[in-house]
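These notes concern the structure reproduced below.
Atom set for the values below is all heavy atoms of this structure, side chains included, hydrogens, waters and symmetry mates excluded.
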Amino acid sequence: MFAPSSRNLITDIEGLRVGHADDDDARSGVTVLACGGAWSAGVDVRGGGPGGRETDALSPENLVGRAHAVVLAGGSVFGLAAADGVAAALSAQGIGLRLISGSPPVPIVPSAVLYDLVNGGDKNWGLTPPYRDLGVRALEAAGADFALGSIGAGRGAMAGLVKGGIGSTSLDLGEGLIVGALVALNSVGSALMPDGQTYWAWAFELAQEFGGGAPRDPMDLSDPAPEESRLMAVGRLQAGVNTTLGVVACNADLTTAECKRVAMMAQDGIARAVRPAHTPFDGDTVFSLASGALELRAHPQRAVQIGRIGSAAADCMARAIARAVHFSGAR
C-alpha cells in the first residue's frame with residue numbers, strides 16, 4: 001500500500017527546498033522551489049491564458065532542459081519579475097550555468113504566474129511592483145518545511161467560489177522512489193462537488209490529509225439551492241480570475257523529454273480535482289523536476305517506470321489541490 005513520504009510535501013524529494021514571501025497589503029505573493037543543482041526539468045501548458053518565463057528553455061529539442069529553481073507568483077505579468085530576483089540572488093551565490101570563462105553564473109529559473117489583481121488588495125504600485133523583492137525573500141526563506149494554504153503564490157488565490165492557495169503532497173513508491181507535487185490553486189473551476197463539502201479529489205486522499213469524507217451518496221449530489229450548486233460546480237467562468245500552477249518532482253534520473261511526459265501526465269491531476277479545468281480563462285501550467293539521485297532500470301522497463309512516476313504525479317497533484325483548499329480554511 002503506497003503512502004505519503006515523511007513530510008507529505010514535495011520537499012520529500014531530497015535537495016528540493018520551498019520558500020514563500022507575501023505582501024499582505026497587495027494580497028499577493030511568491031513561492032520559490034530551489035533545486036539542489038541543475039535538475040532535469042520539463043513543462044506542460046494546458047490553460048488558455050498562460051503567463052510564463054523560460055518555458056521554452058525546457059523544451060526537449062532545445063539546449064538546456066534543466067532548472068536551478070522554479071518560481072510561482074501572483075500578480076499576473078507583474079509577477080514575472082519575481083524570477084528576476086531569484087536569478088540575481090542565485091547568480092550572486094555562484095549558482096548557474098558557466099557558459100564562458102569570466103562571465104557570471106546564469107541560473108535557469110522558469111516561472112509561471114496567476115492572476116490575482118482583482119482580489120481587493122492594493123495594487124497601486126506604480127513603477128515598483130513588489131515581486132522582484134518577494135522573489136528574493138522567498139528564496140531566502142526556502143527550506144524543507146513550509147506552510148500550506150493562503151500563503152506565497154496562493155496568498156490571494158481563489159478556487160472557484162472559495163479560497164485557493166498552496167497545497168503539497170508526496171508519495172513513496174517503494175525501492176527508494178519518491179514523487180511529490182506542489183500547487184498554487186487559483187482556478188476558475190471548483191475543487192468542490194456541488195454539495196460544497198466534498199472534494200472532487202476525495203477518492204485519492206491518503207491518511208485523511210484533507211479532512212476525510214466521501215460523498216454522502218455518490219449518486220446523489222443534489223443541493224437544496226440549485227443555482228448555488230451550479231456555481232459551486234463550475235466556479236467563476238469569467239476572464240481575469242484564473243490559473244492552476246503546479247510543480248511535480250521525483251528523485252529519479254529522468255531526461256528532459258521524460259520530465260515533459262511526466263508533466264503532461266500530471267496535468268490529469270488538475271482535471272481530476274478541478275471542474276472545469278484547462279479553460280480559456282486559466283493559465284494551467286505544470287513543471288516537472290527530477291533530481292537524478294535514483295537510477296532507473298534500462299529500456300524497456302524504463303518506460304514502465306516513467307509511466308508509474310507520471311501516474312503517481314497526477315495523483316499527487318489531485319491531492320495537493322484538495323489540500324490547498326483545506327489548508328486555506330475554505331471548507
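Screening L254, L16, I13 for a side chain to side chain contact (heavy atoms under 4.5 Å, CB included) with L289, the sole residue that qualifies is L16.
Linking Ile, Leu, Val, Met, Phe, Trp and Tyr whenever their side-chain heavy atoms come within less than 4.5 Å leaves V64 and V109 in two separate clusters. Using a 4.5 Å cut-off between side-chain heavy atoms of Ile, Leu, Val, Met, Phe, Trp and Tyr, with links allowed through other members, L294 and L173 fall into the same hydrophobic cluster. Side-chain heavy atoms closer than 4.5 Å link hydrophobic residues (I, L, V, M, F, W, Y) into clusters, and following such links, even through other members, never connects W39 to M264. Cluster annotation: V179 is connected to F2 through the hydrophobic network of ILVMFWY side chains, with a link wherever side-chain heavy atoms come within less than 4.5 Å. Note on F327: it clusters hydrophobically with L245, by side-chain heavy-atom contacts below 4.5 Å among ILVMFWY residues.
Side-chain contact, D12 with S6: a donor N or O sits under 3.5 Å from an acceptor N or O. Checking Q305 against R308 by side-chain atom types alone, a donor-acceptor pair falls below 3.5 Å.
In this structure, the side chains of D284 and Q267 come closer than 4.5 Å at one or more pairs of heavy atoms. Counting heavy atoms from C-beta outward, E258 and L296 have side chains that stay 4.5 Å or more apart. Here the side chains of D44 and K260 are in contact, with some heavy-atom distance below 4.5 Å. Looking at Y199 and M193, their side chains never come closer than 4.5 Å, going by heavy atoms from C-beta outward.
Using modelled atom types, no side-chain atom of T169 and backbone atom of G167 make a donor-acceptor pair closer than 3.5 Å. Looking at S190, its side chain never comes within 3.5 Å of a backbone N or O of G160 through a donor-acceptor pair. Although no hydrogens or angles enter the test, the distance criterion places no donor-acceptor pair under 3.5 Å between the side chain of S168 and the main chain of L9. Judged purely by atom type and a 3.5 angstrom limit, D25 has no side-chain atom pairing as donor or acceptor with the backbone of D122. At least one donor-acceptor pair closer than 3.5 Å links the side chain of H68 to the backbone N or O of I108.
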**Prompt:** Do V248 and V262 pass the side chain to side chain contact (heavy atoms under 4.5 Å, CB included) test, and can you show the C-alpha distance, the side-chain angles, and the key distance before you say yes or no?
**Reply:** CA-CA 8 Å; V248 295; V262 169; 4.0 Å; yes
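Shown here are the salt bridge (charged side-chain N to carboxylate O under 4.0 Å, His left out) partners of E175, two or more places apart in sequence or in another chain: R297. Applying the salt bridge (charged side-chain N to carboxylate O under 4.0 Å, His left out) test to R323 and every residue at least two apart in sequence or in another chain returns nothing. Listed by chain and residue number, nothing satisfies the salt bridge (charged side-chain N to carboxylate O under 4.0 Å, His left out) test with D56 (two or more places apart in sequence, or in another chain). In this view, N62 satisfies the side-chain hydrogen bond (donor to acceptor under 3.5 Å, both in side chains) rule with no residue, not counting sequence neighbours.
Residues Y131 and W125 bring their aromatic ring centres within 6.0 Å.
Rounded to the nearest 0.5 Å, atoms CG (N186) and CG (L114) are 4.5 Å apart. Going from atom OG1 of T11 over to atom CZ of R17 covers 11.0 Å, rounded to the nearest 0.5 Å.
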Give every donor-acceptor pair under 3.5 Å between a side-chain atom in residues 136-156 and any protein atom, sequence neighbours left out.
residue, atom, partner, partner atom, Å
R137, NH2, D22, O, 3.3
D145, OD1, R7, NE, 3.1
R155, NE, D24, OD1, 3.2

For residues 70-94, dump all side-chain donor-acceptor pairs below 3.5 Å to protein atoms at least two apart in sequence or in another chain.
residue, atom, partner, partner atom, Å
D84, OD1, R53, NH1, 2.3
S91, OG, P105, O, 2.7

